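Down below is the structure, laid out as structure tokens.
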Protein chains: 2
Amino acid sequence: MSESTPASQRLAFFQNQLQNAPCAAEEPKIKTTMESMAEERQKATFDVRELTYFLDGGEKFTKIREKFMMELERDPTFRMYDMYDVTKDQIRERTMEKFRTIVHYVSAEPVPIFTMRMQTISLIDPGFWTRFGVHYGLFFGALRGSATSAQFSHWVSKGALALNGMVGCFAMTELGHGSNVAGLETTATFDEASDQFIIHTPTITATKWWIGGAAHTATHTVVFAQLIVRGKRYGTKSFVVQLRDTHTYKLMPGVNIGDIGKKMGRDGIDNGWIQFTNVRIPRTNMLMKHTKVSRAGEVKEPPMAQLTYGALIQGRVAMVVDSGNIAKKAVTIAGRYAAVRRQFSSNPHDVQETKLIDYAIHQYRLMPLLAQAYAFHFTGVETNKLYDDLMDKLESTQPDDETMGEVIDTLKETHATSAGLKAFCTWSTLNAIEACRQTLGGHGYSAYTGLATTYNDFAVHCTWEGDNTILTLQSGRYLVSCYREALAGKSQPEGVSYLNYLDSLLNLGCSVKTNEEILNFDVIQEAWGVVTANVVKKAGDDFEVSLKTGMSPEAAYEECSQARLAAAKIHSYGYIFRRFAQAVKSAPEKLQPVLTKLCLLYGLYSIEQNAGFFLQYRYFTPSQMDYVRGQVNVFCREVRQEYIPLIDAFNYSDYMINSPLGVYDGNIYEKYFDQVKRQNPVGGEHPYLPLIQSLLRRNIEDDEPLEDEDEDEE
Amino acid sequence: MSESTPASQRLAFFQNQLQNAPCAAEEPKIKTTMESMAEERQKATFDVRELTYFLDGGEKFTKIREKFMMELERDPTFRMYDMYDVTKDQIRERTMEKFRTIVHYVSAEPVPIFTMRMQTISLIDPGFWTRFGVHYGLFFGALRGSATSAQFSHWVSKGALALNGMVGCFAMTELGHGSNVAGLETTATFDEASDQFIIHTPTITATKWWIGGAAHTATHTVVFAQLIVRGKRYGTKSFVVQLRDTHTYKLMPGVNIGDIGKKMGRDGIDNGWIQFTNVRIPRTNMLMKHTKVSRAGEVKEPPMAQLTYGALIQGRVAMVVDSGNIAKKAVTIAGRYAAVRRQFSSNPHDVQETKLIDYAIHQYRLMPLLAQAYAFHFTGVETNKLYDDLMDKLESTQPDDETMGEVIDTLKETHATSAGLKAFCTWSTLNAIEACRQTLGGHGYSAYTGLATTYNDFAVHCTWEGDNTILTLQSGRYLVSCYREALAGKSQPEGVSYLNYLDSLLNLGCSVKTNEEILNFDVIQEAWGVVTANVVKKAGDDFEVSLKTGMSPEAAYEECSQARLAAAKIHSYGYIFRRFAQAVKSAPEKLQPVLTKLCLLYGLYSIEQNAGFFLQYRYFTPSQMDYVRGQVNVFCREVRQEYIPLIDAFNYSDYMINSPLGVYDGNIYEKYFDQVKRQNPVGGEHPYLPLIQSLLRRNIEDDEPLEDEDEDEE
């Protein structure tokens, strides 16, 4: 081409170039699942790594968790890919394989680090976590909490700490008694002549039941039994009893043990039942830090009975943390699936079907659960801090200090609050796991996609370590008693501070001038404060009414059970929102926009889920509630923009997620198919062919009856 | 003793007698669990047997169901006691054993009776029910629905009906497509030269997935594939393809099959994946009742596309019925447990702890679920009737009849209503199973107590045969279109009749003079009508607003998804209440008092659960809603009085209940312990002893590191 080329030729040349050149209106390309995932990561307005550091409490802790995840992934005893296809006994055996590795770390690491290691393990192997927790948390914890220092040293020397020489379990629950520990039937009768206790199971319902580790692996137990000395009963105390010879593993005389068998989940832990038939133990096997029995049979009870609160709270806080962690895992699987799975398309010009996550209803199903996972994460972090602070205070305050009364008040409040949080966080997380599983459509029914097992493993949190319903009633009872104290003029602790402002709160309506002002942490907190105050008042007033009819306090509490449960529920959700908002305000500035959106979504969604109460007590008008509902959808759509980075910030490796549908790169179909084929190889012999062949090949004539000879003759 | 005995002696004598005589204020006796159960049966104010007859539709049907239960219980292939402890392959094998028995009845019984038999089987073995349903409902149903009569006879002669010669499966779902059947990728390309179709799986996502029966047992399938003739695509059609040689069971050339593997539940059915690689089938294997392809490759499409509605509705109705049946089973287990399980006691003078069912909160947990089980039962019965009536009408009405338009309207309405009912009944029942399981406390976590497996088996109902969320949106879409028609003056069918009275309903508040008047079927129905009208209006108005902004109808429907889901939800629950109330009014007079209480409880409880809507639309004032909440507790307490007889009326044998905690006589502890011991016999070899011993016996010195020689030298 040159200046001398004819104009028409030049034009034709350029037109040709234009037609073949790539241009803005190019044909849209069909995206692979991995491209569909990658494009989601380009939308982040924040630094994912910075958010991870914030969630973990700092870069140092993120590195520690990553270290744990790598160690687990590379540990052959922690291979998880075939866990759905092995037998119960094989699962149990694999659980004990893991013990050896982990025992090493127990001795080598400081407690806070080891606790983080166990939190990580709980995400990938709840069965093993339980087995380990039974020895270290329950058995060893019972020794630490109830043994004298001499007794403690004795059992440590026998191998209780390093698991060389003994493996423990915790025999509290019985077939007939779970929640009512005071009603346990196993007896420990003092025999003065021999200086022994005789441990005995008097009835079938006294059989120790659900004892984790008893079926195969424990050599010793701490058994909870009724102390009987000279015919007098002193209540439930704890005793160390040897179950098995530590060499041959044969049962000790008088001890009978069986396997509780197949469970809903957590088959890795070998739960057993135990019957004791006149089993004799040295008197000194009774853990005597608190109650003591002398050689002469004198029983000395401790002055204060409230010292076991601490261990209870610790268990509950651990379950709030686990709720957050498991919620994050479930949302990761469901969220990543929705970023790459496509079904239907509303626009006939689309070259590809629409991603699930681009549907408004799918956003409504998942975004609130993502926000909730963050809410429970921050609640767990804060509650852990409160528990640690409280334990420090308890240890540093003398019984006769001025501040002891205040510390006891904080202890009671933390106990009651942790009860409510344990209940509602585990219930909500269990529901969230199932909701996430259903968003996987049919694929959620496969064991390999992970959420069916996650559900079955998690469900036990709702009934153990304090039955959820009973915990909520305890929490509600506490709120009622705080309400009555507040009415009588006594100032209430921070967690229930709304009770200090009843007059101004009870009839307060939302005073915003425009609806948009509702989208604000302070307004939402005020909403929760007002509604909580009213719901607690209702329970308290119902209680008072019952008292006035002449009922005993116990009967009156019983009568207002439903109101107490409602009070505990609203109080707990308000508490969770406050913790989330508090965490957001303390976050690095660059993270605040996205976390604020998430927190507002959580607050509005929780209000919508409890709309009845907010309208009942007229904090919101119907029109404002309509606005709240609409805003939930708006926030779902906004959060959707960056939801994959928000999930990436949880920083769970593919090994920890353990689901082909939740892999980081989004290559779901190949990974799912690969896992199915790996676990169920093609070819090989048909497992029951002769049976089918005999069905298909059966001779139909065999089904015809004898003919009636008489009819023939006619 | 005589007149001459000194007075003092006589006095002493009589005092002695008085002390030892039984008297009215006798020492209360400790009741066994069986006595605790028996006393509950003495409280019935109605004839349990009469209620059973009413539930079953008459004595004749009760006798038939009892016959089925006995046949199953005595059939060795239906032994259930060890199902938790066998392997997946063993479960599959047992499922095929059962086939032989049941195939006999298929040929021998009329369809309605055989349907009842299958409903009974679903209660005890959902895995088998599914395997059977895949051949008879799906495969054979596809033949019946889409084959010409010549084709149908051909496949019956090959053994499709009597299962002698072939076993079928239904290959619709693919790895990449579940809900969007039009998007299936498997192709069926016509090869004119050979008069064959070539069936082919072009991509990994086109792999047939979740195909029940394919992994091991099917010889043939109906495969859904894109019809391609001379390069033109005609959409998804169905084709019979042989998968395996019926003698050797080897895979046919070009067919590859694998096992999908472990699932959440229903492991009895062997789901498989299938890939076809250029598999050739005769052209006449295409099912050609509707679309036809001639030898010359001419494609003839049918005039009307709406004919498949009928089969869809049937599946949904079956799941509503199953929801009711499984809900009854769950409530039976939880209810009977609560009648005999005792924990805590609020009165120190009680000789025995208090039954769970005597706690207000436990009544609140269970009595509404009992009422809901009855509600779903009656909804299933009524919906079945409506479906049968509709099918009769469809069959008897000619396309050119005057009434055809009305029949098509009823078809659309039944389709949409059944969609909503399938979704909400299965969701509610799944939640009810878990709630019942948690009321068993720790024991609910054992596989043997039954509800963990019931949950895992039932959960699939929420995602198969129409994903629940998609169904609710379909239902909501229908409601929006009815609303728009009603606004335009067109009268709406009975199921949505509230749309014919919008002007009077929308702003109607509850007009009772006293709160007690709320406790009335008509008031509750009015409440549901008002709230439903408002919720549907909201969805309809949102839709209109979106249309006016210029969105396409599809986009506008998408935009109001959440409002559509709310509309479908409220509509469905109102419908269920109406069906329950209708059934109560038609009940024998003597049953009406107890059924009325149950129905009122259900109505009030459903209102409480959706309180936000009833307050939003101001049908109830806050004060009235408070009254409703309080009355829920009152009705729970009243229904508690006769709840065991209400459960007995379900008439499920102990074999069907299949849980030691749900046995009729209440002897729960012995039966639970017996089952645990039977499945996990005491004694026998330890499964992994060497492993534990190596852990315990490890030499701790091994863990000490080499000493640093240099330090020694210093």
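Order of the sequence lines sets the chain letters (A, B, ...), proteins ahead of strands, with each chain counted from 1. The shown structure was predicted, so the numbers you read here are calculated from the model rather than taken from an experiment.
The contact between B:Leu473 and chain A is made entirely by side chain atoms (from C-beta outward), counting heavy-atom distances below 4.5 Å. Only the side chain of A:Asp85 has a heavy atom closer than 4.5 Å to any heavy atom of chain B. Interface remark: A:Leu440 contributes no atoms to any contact with chain B (heavy atom separation under 4.5 Å). Heavy atoms closer than 4.5 Å to chain B are found nowhere in A:Thr449, neither backbone nor side chain. With a 4.5 Å cut-off on non-hydrogen atoms, B:Phe344 touches chain A through its backbone and its side chain both. Neither the backbone nor the side chain of B:Leu451 comes within less than 4.5 Å of any heavy atom in chain A. Contacts of A:Tyr669 with chain B are made by both backbone and side-chain atoms, with heavy-atom separations under 4.5 Å. For a residue to count as touching a neighbouring chain, one of its non-hydrogen atoms must lie under 4.5 Å from one of that chain's; by this rule B:Asp467 touches chain A with the side chain only. Using a 4.5 Å cut-off between heavy atoms, A:Asp626 contacts chain B through both its backbone and its side chain. For B:Thr439, no part lies near chain A; criterion is any non-hydrogen pair under 4.5 Å. For B:His443, the parts lying near chain A are the backbone and the side chain together; criterion is any non-hydrogen pair under 4.5 Å. In this structure, no portion of A:Thr354 lies under 4.5 Å from any heavy atom of chain B. Contact annotation for A:Ile257: only backbone heavy atoms (N, CA, C, O) come within less than 4.5 Å of a heavy atom of chain B. Within the 4.5 angstrom heavy-atom criterion, only side-chain atoms of B:Ile692, from C-beta onward, approach chain A. When heavy atoms are compared at a cutoff of 4.5 Å, B:Asp267 does not approach chain A at all. Of the atoms belonging to B:Gln679, not a single heavy atom falls under 4.5 Å from chain A. For B:Leu691, the part sitting under 4.5 Å from any heavy atom of chain A is the side chain, from C-beta outward, and nothing else. Interface residue B:Thr205: only side-chain heavy atoms are found under 4.5 Å from chain A. Neither the backbone nor the side chain of A:Phe620 comes within contact range of chain B; no heavy atom of the residue lies under 4.5 Å from a heavy atom of that chain. For a residue to count as touching a neighbouring chain, one of its non-hydrogen atoms must lie under 4.5 Å from one of that chain's; by this rule A:Val632 does not touch chain B. With a threshold of 4.5 angstrom between heavy atoms, B:Glu434 approaches chain A through side-chain atoms but not through N, CA, C or O. With a 4.5 Å cut-off on non-hydrogen atoms, A:Lys262 touches chain B through its backbone and its side chain both. Contacts between A:Thr246 and chain B at a heavy-atom distance below 4.5 Å involve backbone atoms as well as side-chain atoms. A:Asn456 touches chain B through backbone and side chain together, each having a heavy atom under 4.5 Å away. Looking at B:Asn431, neither its backbone nor its side chain comes within 4.5 Å of chain A, counting heavy atoms on both sides. In this structure, no portion of A:Gln675 lies under 4.5 Å from any heavy atom of chain B. When heavy atoms are compared at a cutoff of 4.5 Å, A:Ile204 approaches chain B solely by way of its side chain, counted from C-beta outward.
Enclosure of atom CD in A:Gln609 by more than 12 non-hydrogen atoms of other residues, nucleotides or ligands within 6.0 angstrom is indicated. Environment of CD in A:Glu554: crowded, with over 12 heavy atoms of neighbouring residues, nucleotides or ligands closer than 6.0 Å.
Rounding to the nearest 0.5 angstrom, the gap separating the CG atom in B:Leu565 from the CD1 atom in A:Ile361 is 4.5 Å. Atom CG of residue A:Asp89 and atom NE2 of residue B:His686 lie 9.5 Å apart, to the nearest 0.5 angstrom. One distance of note links CG of B:Leu689 with CE of A:Met96; it measures 10.5 Å at 0.5 Å rounding. Between B:Thr621 atom OG1 and A:Leu615 atom CG the span is 12.5 Å, to the nearest 0.5 Å. For the atom pair CH2 (B:Trp273) and CG (A:Asn680), the distance works out to 10.0 Å, reported to the nearest 0.5 Å. Expressed to the nearest 0.5 Å, how far OH of A:Tyr84 lies from NZ of B:Lys88 amounts to 13.5 Å.
Residues A:Thr463 and B:Gly442 come closest through the heavy atom pair CB-N, 4.2 Å. Taking both residues in full, the closest heavy atoms of A:Arg697 and B:Gly165 are given as NH2-CA, 4.0 Å, listed atom of the first, atom of the second, then distance. Shown here for B:Arg437 and A:Ala459, the closest heavy-atom pair between the two residues is NH2-CB, 3.4 Å. Between A:Tyr448 and B:Ile260, the shortest heavy-atom contact is CE1-O, 3.2 Å. Pairing each heavy atom of B:Gly178 with each of A:Arg341, the nearest pair is N-NH2, 3.6 Å.
Side-chain atoms of A:His177 and B:Glu353 form a donor-acceptor pair, as typed in the model, at a separation below 3.5 Å. B:Gln616 and A:Arg629 share a side-chain donor-acceptor pair at under 3.5 Å. A donor and an acceptor atom, one from each side chain of A:His216 and B:Tyr688, are located under 3.5 Å apart.
Counting heavy-atom pairs closer than 4.5 Å to chain B, the top residue among A:Leu430, A:Leu163, A:Asn610 is A:Leu163. Note on A:Tyr557, A:Tyr617, A:Tyr455: by heavy-atom pairs under 4.5 Å with chain B, the leading option is A:Tyr455. Counting heavy-atom pairs closer than 4.5 Å to chain B, the top-ranked of the candidates A:Gly159, A:Gly265, A:Gly630 is A:Gly265. The residue among A:Asn468, A:Val682, A:Thr173, A:Asn256 with the most heavy atom pairs within less than 4.5 Å of chain B is A:Val682. Ranking A:Pro622, A:Ser446, A:Gly612 against chain B, the residue ahead of the rest is A:Pro622, based on heavy-atom pairs under 4.5 Å. Among B:Met166, B:His362, B:Gln90, the residue making the largest number of heavy-atom pairs under 4.5 Å with chain A is B:Met166. For the set A:Gly183, A:Gly258, A:Ser345, A:Gly441, the count of heavy-atom pairs under 4.5 angstrom toward chain B peaks at A:Gly441.
Ring to ring, A:Trp209 and B:Phe673 are close: their centroids are under 6.0 angstrom apart.
Within the 3.5 Å criterion, the main-chain N or O of A:Ala360 finds a donor-acceptor partner in the side chain of B:Glu558. Side chain of B:Tyr445 to main chain of A:Trp464: no donor-acceptor pair is present (N/O by atom type, distance under 3.5 Å, no hydrogens or angles).
Under the 4.5 Å side-chain criterion, counting only non-hydrogen atoms from C-beta, B:Tyr359 is not in contact with A:Ile470. Side-chain contact between A:His247 and B:Gln693 is absent, with no heavy-atom pair separated by less than 4.5 Å. Inter-residue side-chain proximity for A:Leu696 and B:Val167 is flagged as met; some heavy-atom pair is nearer than 4.5 Å. Residues A:Cys462 and B:Gln438 have side chains in contact (heavy-atom distance under 4.5 Å, counting atoms from C-beta outward).
Remark: A:Arg92 engages A:Asp259 in a salt bridge (Lys or Arg N to Asp or Glu O under 4.0 Å) (not counting sequence neighbours).
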Derivation of the side-chain contact (heavy atoms from CB on, under 4.5 Å) call for A:Tyr364 and B:Thr469: CA-CA 11 Å; A:Tyr364 185 81; B:Thr469 301; over 6 Å; no

